[in-house]
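Step one of this worksheet: look at the structure below.
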Amino acid sequence: MKVDLVPQGLLLDGSLLRNALLPRLLAALLQAHAQGGARPQAACSRAELRERIVGLPELHRTQLWRALNLLQSSALAGLVCSRTLSSGPFWLDEARLAQCRFLLQGQDLTPARRDRALAAWLGQHEPPGGEPDAAPPLPLAYVDGLARADHLLERGELYPARLALRHAAEHLPARDDSAAAALALRRARIARRLGDWAALQDELRALRQGVERGRLPEGERAQLRLRSLVLEAWHRYGSLGQPAAALRHLDTAGPPLLAQDPALRGEVANLRGLALRELALARRDAALAEQSLQALEQALRCASLAGLPDALQIAAANLANSLAQLLEAGLLAGSARAPDLAQALRWLLLSDAVCARWQLGRHSLLNTVFLLRLAEANALPFARVAAAAAAQGQPLQAEGYAALAAQRWAQCRAVHSQIPVEQRCAFFLMWARHAQRDGDPLSAADLARQVALQARKLRDAATRERYRQELQRLRLLPQRA
């Protein structure tokens, strides 16, 4: 079918489909498609379409609905697809696109002249999403701040990393959307790792605005959208406590884009595994438990093959903790792989070994929390754990679990404010339990007071109540808590 874009509308094999907005909408979508967008995995938002059509102050939902509804009732029905007709996002159907021959006011839109012709038709000086003629130089202070933040973030020193980004932001080049997006993305990752969900929402909002309104190469724009999507899924899982919603959100991620980034693919698999574990435990579902382990094993595979030690230690620790929890719940009894507690312990000790070799997670207590929990739930003798750690090449220099906890706390105490509050609560609670089991009620009571003190700082009322109930069950609740 011959489709001619003219100012009054579309000429379809000589018949005029009258609507002044339709030719510009199609021109914007054709331009985006030529640059790798306007596809199901990289659809165009309403804001992006408006940005491409220069001189259009606003692209109202009603305008879009009328124009696209008219198109759907014509011979071009099915060419433009959307999640919602009035607000998008929008993409072009490849099969229908191949059936069309596009012209611009009678002139063929050949690949050689397509970008320039469409840009002129849309009122642009150059196609948006392309590389700028001369990207602004990056100031030395900005580059240094970003490099320090990346180094600190990999080592798990989250608050110093946030401070380094603040210094980098003071030297952000003017009108450099890529540099601004790099800062917002790192701040969002730090907020997610800290469990600072309000800050994560703020950073995601800034990141989305930069992606939709900024002038970015299409490939970079698509990657940033994907990273925003994954971080939003983390928010649904961690802040809202909705693992099923997080999984549904992850399902909207485009596999082709994930395939290009093993680190992000591993992070998605890690989150998927954690969300599936929560659902499996809540529903007592063995099939979901098996899927959870498969996802966590995929995360570990991505991190290992891509040479990402920080991601590897996280994946190994999460696999170990999830394996232990699912075994304790009796959800892996029928598993063909017959996983056991020794396997969970080995993965956890491997995570510890990776941290020690690469000096990662020095201000994290999570691995110790996982180990103390695993030991308590399964009545593991300390000698057995110490022997396994020695075989891993990382001997435990302690006489028991409470002594090991005291040793780990001594390593972090000077920078305890850099450890997320909920992590501190979990650590002190597990330490108190082991102190109580070791017959040290004074230490257990002192640690219980620490749990009650830290729990007051938690924003979530349900989590505060859970810690209060844990202390009551152990009869360690301080009188004034």
Side-chain angles (χ1 to χ4, degrees), residues 1-40 42-133 212-213 215-218 221-222:
M1 177 183 294
K2 187 166 69 174
V3 183
D4 194 355
L5 279 60
V6 297
Q8 301 90 346
L10 302 176
L11 279 174
L12 309 179
D13 288 335
S15 300
L16 180 63
L17 186 64
R18 189 177 294 278
N19 183 290
L21 181 60
L22 262 180
R24 291 190 287 175
L25 280 177
L26 268 186
L29 286 166
L30 287 169
Q31 186 188 63
H33 191 272
Q35 295 167 358
R39 291 170 164 82
C44 288
S45 67
R46 183 165 62 100
E48 185 181 347
L49 287 179
R50 190 213 58 76
E51 178 192 337
R52 288 177 179 273
I53 305 172
V54 176
L56 193 65
E58 185 55 77
L59 187 56
H60 295 292
R61 295 171 189 267
T62 305
Q63 285 179 289
L64 270 171
W65 185 87
R66 285 175 179 166
L68 294 178
N69 197 44
L70 181 64
L71 190 71
Q72 294 290 40
S73 63
S74 74
L76 285 179
L79 175 62
V80 178
C81 306
S82 63
R83 195 173 301 158
T84 306
L85 198 63
S86 62
S87 57
F90 305 95
W91 64 93
L92 295 173
D93 180 82
E94 299 289 346
R96 296 289 284 128
L97 189 62
Q99 298 169 358
C100 299
R101 173 192 165 202
F102 289 94
L103 298 89
L104 186 58
Q105 293 183 288
Q107 300 295 314
D108 271 317
L109 282 174
T110 59
R113 66 182 295 271
R114 180 188 296 127
D115 278 355
R116 189 176 296 276
L118 288 175
W121 172 255
L122 294 168
Q124 303 163 0
H125 296 295
E126 60 182 54
E131 293 290 347
D133 293 333
E212 300 305 334
R213 299 177 186 174
R215 185 174 174 275
L216 298 167
E218 194 58 43
R221 191 190 300 271

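Across all non-hydrogen atoms, the minimal contact from Ser82 to Gly88 is CB-CA, 4.4 Å. The two residues Trp91 and Ala43 have their closest heavy-atom pair at CE3-CB, 3.9 Å. Shortest non-hydrogen contact noted between Gly78 and Gln72 is N-OE1, 2.9 Å. Shortest non-hydrogen contact noted between His33 and Arg39 is O-NH1, 2.8 Å.
The closest side-chain heavy-atom distance from Leu25 to Phe90 is not below 4.5 Å. Between Leu103 and Leu5, the closest side-chain pair of non-hydrogen atoms is not below 4.5 Å.
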Could you walk me through whether Arg101 and Asp108 satisfy the side-chain contact (heavy atoms from CB on, under 4.5 Å) test, starting with their C-alpha distance in whole Å, then the side-chain angles of each, then the deciding distance to 0.1 Å, before giving a yes or no?
CA-CA 8 Å; Arg101 173 192 165 202; Asp108 271 317; 3.0 Å; yes
List the steps, then state whether side chain to side chain donor-acceptor pair (under 3.5 Å) holds for Arg46 with Ser87.
CA-CA 6 Å; Arg46 183 165 62 100; Ser87 57; 5.8 Å; no
Enumerate donor-acceptor pairs with a distance under 3.5 Å from any side-chain N or O in residues 8-19 to protein atoms, sequence neighbours excluded.
{"residue": "Asp13", "atom": "OD1", "partner": "Lys2", "partner atom": "N", "Å": "3.1"}
{"residue": "Asn19", "atom": "OD1", "partner": "Leu21", "partner atom": "N", "Å": "2.9"}
{"residue": "Asn19", "atom": "OD1", "partner": "Leu22", "partner atom": "N", "Å": "3.1"}

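Residue Leu26 holds its CG atom at 6.0 Å from CG of Leu79, rounded to the nearest 0.5 Å. Distance check, rounded to the nearest 0.5 Å: SG of Cys81 to CD of Glu94 gives 9.5 Å. Taken to the nearest 0.5 Å, the CG atom of Leu85 stands 5.0 Å off from the CG atom of Leu68. Going from atom CG of Asn69 over to atom OG1 of Thr62 covers 12.0 Å, rounded to the nearest 0.5 Å.
Atom CZ of Arg96 is surrounded by more than 12 heavy atoms from other residues, nucleotides or ligands within 6.0 Å.
With sequence neighbours left out, the side-chain hydrogen bond (donor to acceptor under 3.5 Å, both in side chains) criterion links Ser86 to no other residue. When the side chain to side chain contact (heavy atoms under 4.5 Å, CB included) test is applied to Ala28, the partners found at least two apart in sequence or on another chain are Leu49, Arg52, Ile53, Leu122.
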